[in-house]
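Just below is one structure, and these are the notes that go with it.
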2 protein chains.
Amino acid sequence: MRFSHQRESIQSIVYSTNSHPTADWVFQKAKKVVPNISLGTVYRNLKQLEDVGLIKTIYDGNIARYDWNQAPHDHLKCKECGELIDIELIDDDVRRKVKNKYQFEVDDVKMVIIGTCHKHKNKGK
Amino acid sequence: MRFSHQRESIQSIVYSTNSHPTADWVFQKAKKVVPNISLGTVYRNLKQLEDVGLIKTIYDGNIARYDWNQAPHDHLKCKECGELIDIELIDDDVRRKVKNKYQFEVDDVKMVIIGTCHKHKNKGK
DNA sequence: ACTTAATTAGTAATGATTCCTATTATTATT
DNA sequence: AATAATAATAGGAATCATTACTAATTAAGT
Ligand SMILES: [Mn+2]
Ligand SMILES: [Mn+2]
Ligand SMILES: [Zn+2]
Ligand SMILES: [Zn+2]
């Protein structure tokens, strides 16, 4: 894989935010640096970056989001504002439990907490 | 919501399998009962059935799958054959932990275990 | 039977993502 | 620095899942 300005930009854009951006969000940002970059290039590079292990893909409903954070962690999906927020709570327990209870080969445990984030205090009730 | 043969069929098809079928799979089956049912009807009814709480939608990557099983449970996604298999391990712990640690309103915890199902014993190594 | 509105089939439209291809840019080699 | 080999790109077409639209049909209450 050889150097490209496009890929550099795309990577640094993903690394610049904690918002788990979509391909299109990255595309909009990237255009400010590489004006006539194409959406296909963004997708292709995001995939490459994932293949090399520089970013991770998170499927949020039916849309792909990208995460620079390689550390094993989970996410809170706020049903008020839709944001996807990092949380670390890692049950290494879970891994063990499944392994013991079902003899499955466990590679990863993906957890999404559906709830309401701190921005919406005193709403319901 | 009034009666329709289409909806009846669609519901019974979803209820007939543990495979977490896609809309298209349901569509293929449904055609055998209602030959000129349309895919749109399948989608519309799946959504209605979900609204009424008769089925649940699971997003598997970027494709929707449907589950008759209302009981809180999690899934194993087999990376060999792609199947989505029910598992019950429900950490009610998790719910408590998040609540205590972050003061989030937690509505649901969705967990997907990525791994290899029993059909692929003695594969790797 | 008559009326009303929900539901449908069929098809067009959408949105996200992937694929295709002629051109361009990077990198290694002279 | 020029040359060659080929990875990467822009732009657009194509695909896939899903939703929207609409005239015709149908369930259900009177
Ligand atoms: Mn994250
Ligand atoms: Mn299930
Ligand atoms: Zn929020
Ligand atoms: Zn399997």
Side-chain angles (χ1 to χ4, degrees), chain A residues 1-14 17 19-67 75 77 82-84 112, chain B residues 1-14 17 19-67 75 77 82-84 112:
Chain A
M1 188 169 67
R2 60 193 197 191
F3 172 90
S4 96
H5 294 297
Q6 288 85 339
R7 189 177 309 115
E8 287 293 288
S9 310
I10 289 163
Q11 176 174 352
S12 78
I13 288 167
V14 174
T17 180
S19 68
H20 308 94
T22 63
D24 197 68
W25 190 92
V26 174
F27 178 49
Q28 301 308 327
K29 291 279 178 190
K31 278 198 283 198
K32 293 171 183 167
V33 184
V34 186
N36 52 356
I37 193 173
S38 77
L39 185 53
T41 296
V42 173
Y43 275 108
R44 180 167 14 85
N45 280 292
L46 286 170
K47 189 159 293 169
Q48 283 178 134
L49 290 169
E50 160 145 72
D51 288 345
V52 196
L54 283 168
I55 64 176
K56 293 191 94 181
T57 303
I58 304 169
Y59 287 96
D60 176 19
N62 49 10
I63 194 172
R65 294 180 165 278
Y66 302 89
D67 196 345
H75 297 96
K77 169 76 175 179
E83 268 192 60
L84 210 55
V112 179
Chain B
M1 189 167 71
R2 62 189 196 195
F3 171 91
S4 97
H5 294 296
Q6 289 84 340
R7 190 179 308 116
E8 286 294 287
S9 310
I10 289 163
Q11 177 175 349
S12 77
I13 288 167
V14 174
T17 180
S19 69
H20 308 93
T22 63
D24 197 67
W25 192 92
V26 175
F27 179 49
Q28 302 307 328
K29 291 279 178 188
K31 278 198 282 197
K32 292 172 184 169
V33 183
V34 186
N36 53 356
I37 194 173
S38 77
L39 184 54
T41 296
V42 172
Y43 274 107
R44 180 166 16 83
N45 280 292
L46 287 170
K47 189 159 292 168
Q48 283 178 133
L49 290 168
E50 161 145 70
D51 288 346
V52 196
L54 283 168
I55 65 175
K56 295 190 94 181
T57 303
I58 304 168
Y59 287 96
D60 177 19
N62 49 10
I63 193 171
R65 295 182 164 276
Y66 302 88
D67 197 345
H75 297 96
K77 169 78 175 178
E83 268 191 61
L84 210 56
V112 178

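Atoms considered below: every heavy atom in the structure, side chains included; atoms not considered: hydrogens, waters and symmetry mates. Residue numbering restarts at 1 for every chain, and letters A, B, ... go by the order of the sequence lines.
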Can you pull out every ring pair (Phe, Tyr, Trp, His ring centres under 6.0 Å) where at least one residue sits in residues 22-56 of chain B? Sequence neighbours excluded, please.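 Applying ring pair (Phe, Tyr, Trp, His ring centres under 6.0 Å) to every pair that reaches into residues 22-56 of chain B, excluding sequence neighbours, yields nothing.
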Which value, rounded to the nearest 0.5 Å, describes the distance between A:His20 atom NE2 and A:Ile63 atom CD1?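 One finds 14.0 Å between NE2 of A:His20 and CD1 of A:Ile63.
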Return the OG to NZ distance between A:Ser12 and A:Lys29, rounded to the nearest 0.5 Å.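 With rounding to 0.5 Å, OG (A:Ser12) is 11.0 Å from NZ (A:Lys29).
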Under 3.5 Å, side-chain donor or acceptor atoms of residues 45-55 of chain A against the rest of the protein: list the pairs with distances, not counting sequence neighbours.
residue : atom : partner : partner atom : Å
A:Asn45 : OD1  : A:Arg7  : NE           : 2.8
A:Asn45 : OD1  : A:Gln48 : NE2          : 2.9
A:Asn45 : ND2  : A:Thr41 : O            : 2.8
A:Glu50 : OE1  : A:Thr57 : OG1          : 2.7
A:Glu50 : OE2  : A:Thr57 : N            : 3.2
A:Glu50 : OE2  : A:Thr57 : OG1          : 3.4

For DNA chain D, note the earliest and the latest nucleotide, 5' to 3', having some atom under 4.0 Å of a heavy atom belonging to chain B.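 Under 4.0 Å from chain B, the extent on DNA chain D is D:dA17 to D:dA28.
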Does the side chain of B:Ile10 come within less than 4.5 Å of B:Ile37's, by heavy atoms?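 Yes, side chains in contact.
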Closest approach of A:Leu39 to A:Ala23 (non-hydrogen atoms, all atoms of both residues):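 Minimum heavy-atom contact is CD1-O, 4.3 Å.
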For A:Val33, all residues meeting side-chain contact (heavy atoms from CB on, under 4.5 Å), sequence neighbours excluded: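 Partners of A:Val33 by the side-chain contact (heavy atoms from CB on, under 4.5 Å) criterion, ordered by chain and then number, come out as A:Ser9.
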side-chain hydrogen bond (donor to acceptor under 3.5 Å, both in side chains) with [X]: which residues, sequence neighbours excluded?
X: A:Thr22; value: none
X: B:Asp24; value: B:Gln28
X: A:Ser19; value: A:Thr17

Test salt bridge (charged side-chain N to carboxylate O under 4.0 Å, His left out) applied to A:Glu83 - qualifying residues, sequence neighbours left out: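 Only A:Lys119 meet the salt bridge (charged side-chain N to carboxylate O under 4.0 Å, His left out) criterion with A:Glu83.
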Residues two or more places apart in sequence or in another chain: which of them pass salt bridge (charged side-chain N to carboxylate O under 4.0 Å, His left out) with B:Asp60?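 Checked B:Asp60 against salt bridge (charged side-chain N to carboxylate O under 4.0 Å, His left out); matches are B:Arg65, B:Lys77.
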Five pairs at each end of the helix from C:dA1-D:dT30 to C:dT30-D:dA1: take the axis at both ends and give me the angle between them to 10°.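 So the angle between the two local helix axes works out to 30°.
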Let me have a per-nucleotide readout for nucleotides 7-19 of chain C, 5' to 3', with B, S or -, counting only protein heavy atoms under 4.0 Å. SBBB-----SBB-
Shorter than 3.5 Å, N or O on both sides, protein versus nucleotides 28-30 of chain C: list them out with atom names.
none

